[in-house]
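Accompanying notes for the structure given below.
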Amino acid sequence: MFEQAIQNYLKEKGHSKINLKAVLFDMDGVLFDSMKNHAKAWKKAMSMYGMNLSEEEAYMHEGRTGASTINIVCMRERGCNADEEEIKKIYQTKSDIFNTLPKAEPMPGAYTLLRNIKESGLQPVLVTGSGQLSLIDNLNHHFPGIFQKEFMVTAFDVKYGKPNPEPYLMGLKKAGIAPNEAVVVENAPLGVKAGVAAGIFTIAVNTGPLPDSALLDEGANLLFGSMQELSEKWDNLRKEINL
């Protein structure tokens, strides 16, 4: 079922096999159904500063640093970047709005998949562009015993956000593995682009409003319609990867 995608990856990257040791997970939109809250918060915050950012566009910017997202919109709307002080104000406003919204629930299928991965001896690694401490703190509450602090990459660990490969390269470094010893699970076009650029087999899960093409066009090796679907098909996928 997945053999062709695996073979295409191996041929492109020049590897003989994927020697799977770890699974690198994005957080927002993968482990938590939180992207709709981020999109609402971005839209409202930018409007408060006289700029337009639709919720759909917020999904397209998912994975960027807050400063990068703000400057892209500022350049389009005003013809210049925001200064450091305004960036801090806008991002704080966005964070404050986000924290007033209902708490994001775990994605259906995410915990079952994480337990399966952990119990099979693979290392789960978190690779998120988020600096939302409230969500990061929720990991151990919703997914007990899965993630260890030394295997987490957050906005505080990297200089460049996705689509730069740095976050996923940092994830590999923390796990002490090579690109062909991991797979990435992502829901965002920029995250997919970052995983592919890091040389890792990248699985996309389309949990948002974007068309499948938005993820496939960035180079996703496989596409699933939900975390539940990925969870249900994981055992078969892992077996084919390990052939």
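All values derive from a computational prediction rather than experimental measurement.
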Taking the side chain as every heavy atom from C-beta outward, state whether [X] and [Y] have any atom pair closer than 4.5 Å.
{"X": "Lys36", "Y": "Tyr59", "result": "yes"}
{"X": "Arg238", "Y": "Asp235", "result": "yes"}
{"X": "Trp42", "Y": "Ile70", "result": "yes"}
{"X": "Leu20", "Y": "Leu122", "result": "yes"}
{"X": "Leu139", "Y": "Met27", "result": "yes"}
{"X": "Tyr111", "Y": "Pro144", "result": "yes"}
{"X": "Glu86", "Y": "Asp83", "result": "yes"}

Which heavy atom of [X] sits nearest a heavy atom of [Y], and at what distance?
{"X": "Ala182", "Y": "Leu24", "result": "CB-CD1, 3.8 Å"}
{"X": "Met35", "Y": "Ala58", "result": "CE-O, 4.2 Å"}
{"X": "His61", "Y": "Leu53", "result": "CD2-CD1, 4.0 Å"}
{"X": "Thr65", "Y": "Gly161", "result": "CG2-N, 3.8 Å"}
{"X": "Met60", "Y": "Pro189", "result": "SD-CG, 4.2 Å"}
{"X": "Thr207", "Y": "Gly29", "result": "OG1-O, 2.6 Å"}

Hydrophobic clustering (ILVMFWY, side-chain heavy atoms < 4.5 Å, transitive) - are [Y] and [X] grouped together?
{"X": "Ile200", "Y": "Ile241", "value": "no"}
{"X": "Val183", "Y": "Leu31", "value": "yes"}
{"X": "Ile203", "Y": "Val30", "value": "yes"}
{"X": "Val185", "Y": "Phe151", "value": "no"}
{"X": "Leu114", "Y": "Leu237", "value": "yes"}

Can you tell me how far apart [atom1] ([X]) and [atom2] ([Y]) are? Round to the nearest 0.5 Å.
{"X": "Leu126", "Y": "Asp157", "atom1": "CG", "atom2": "CG", "result": "9.5 Å"}
{"X": "Asn71", "Y": "Arg64", "atom1": "CG", "atom2": "CZ", "result": "11.0 Å"}
{"X": "Ile146", "Y": "Asn140", "atom1": "CD1", "atom2": "CG", "result": "9.5 Å"}
{"X": "Leu222", "Y": "Leu215", "atom1": "CG", "atom2": "CG", "result": "12.5 Å"}
{"X": "Glu240", "Y": "Ile6", "atom1": "CD", "atom2": "CD1", "result": "5.5 Å"}
{"X": "Ser95", "Y": "Lys88", "atom1": "OG", "atom2": "NZ", "result": "13.5 Å"}

Inset, instruction - Step through it carefully: locate the ring centre of Phe98, locate the ring centre of Tyr91, and say whether they are under 6.0 Å apart. - result: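 Phe98 vs Tyr91: aromatic centres not under 6.0 Å.
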Legend entry - Main-chain N/O of Asn52 paired with Arg76 side-chain donor or acceptor, under 3.5 Å: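 Yes: the side chain of Arg76 pairs with the backbone of Asn52.
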Legend entry - Whether Thr112 side chain and Gly109 backbone form a donor-acceptor pair below 3.5 Å: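 Flag not set: sc Thr112 to bb Gly109 has no pair under 3.5 Å.
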Legend entry - Member of Gln4, Lys11, Glu12 meeting the side-chain hydrogen bond (donor to acceptor under 3.5 Å, both in side chains) criterion with Asn8: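 Answer after filtering Gln4, Lys11, Glu12: Gln4.
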Legend entry - Greater than 12 external heavy atoms within 6.0 Å of Lys89's NZ: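 Counting neighbours around NZ of Lys89, 12 or fewer heavy atoms of other residues, nucleotides or ligands fall under 6.0 Å, so no.
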Legend entry - More than 12 heavy atoms from other groups under 6.0 Å of CD on Glu150: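 Yes.
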Inset, instruction - Take Val205 and Met107 through the side chain to side chain contact (heavy atoms under 4.5 Å, CB included) test and state the conclusion after the steps. - result: CA-CA 11 Å; Val205 285; Met107 276 291 182; over 6 Å; no
Legend entry - Check: Glu62/Asn187 side-chain N/O donor and acceptor closer than 3.5 Å: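 There is such a pair (donor and acceptor under 3.5 Å, judged by atom type) between the side chains of Glu62 and Asn187.
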Legend entry - Any donor-acceptor N or O pair under 3.5 Å, side chains Asp96, Gln92: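 Yes, because at least one side-chain N or O of Asp96 sits under 3.5 Å from a partner of the opposite role on Gln92.
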Inset, instruction - Return the orientation label for the Tyr9 and Phe201 ring planes: parallel under 30°, perpendicular over 60°, tilted otherwise. - result: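 The rings of Tyr9 and Phe201 stand perpendicular, inter-plane angle above 60°.
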Inset, instruction - Return the orientation label for the Phe32 and His142 ring planes: parallel under 30°, perpendicular over 60°, tilted otherwise. - result: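 Judged by the thresholds at 30° and 60°, the geometry between Phe32 and His142 is perpendicular.
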Counting only pairs under 3.5 Å, give me each side-chain donor-acceptor contact of residues 163-181, with atom names and distances, residues two or more places apart or in other chains.
residue : atom : partner : partner atom : Å
Asn164  : OD1  : Glu166  : N            : 2.8
Glu166  : OE1  : Lys159  : N            : 3.1
Glu166  : OE1  : Tyr160  : N            : 2.6
Glu166  : OE2  : Lys159  : N            : 3.3
Tyr168  : OH   : Glu186  : OE2          : 2.7
Lys174  : NZ   : Met152  : O            : 2.7
Asn180  : ND2  : Lys17   : O            : 3.2
Glu181  : OE1  : Ala178  : N            : 2.8
Glu181  : OE2  : Lys21   : NZ           : 3.0

Legend entry - Lys162/Glu218 ion pair, N-O < 4.0 Å: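 Between Glu218 and Lys162 there is no salt bridge, as every charged N stays at least 4.0 Å from the carboxylate O atoms.
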Legend entry - CA sep, side-chain torsions, deciding dist, call: Val73, Tyr49, side chain to side chain contact (heavy atoms under 4.5 Å, CB included): CA-CA 11 Å; Val73 178; Tyr49 288 85; over 6 Å; no
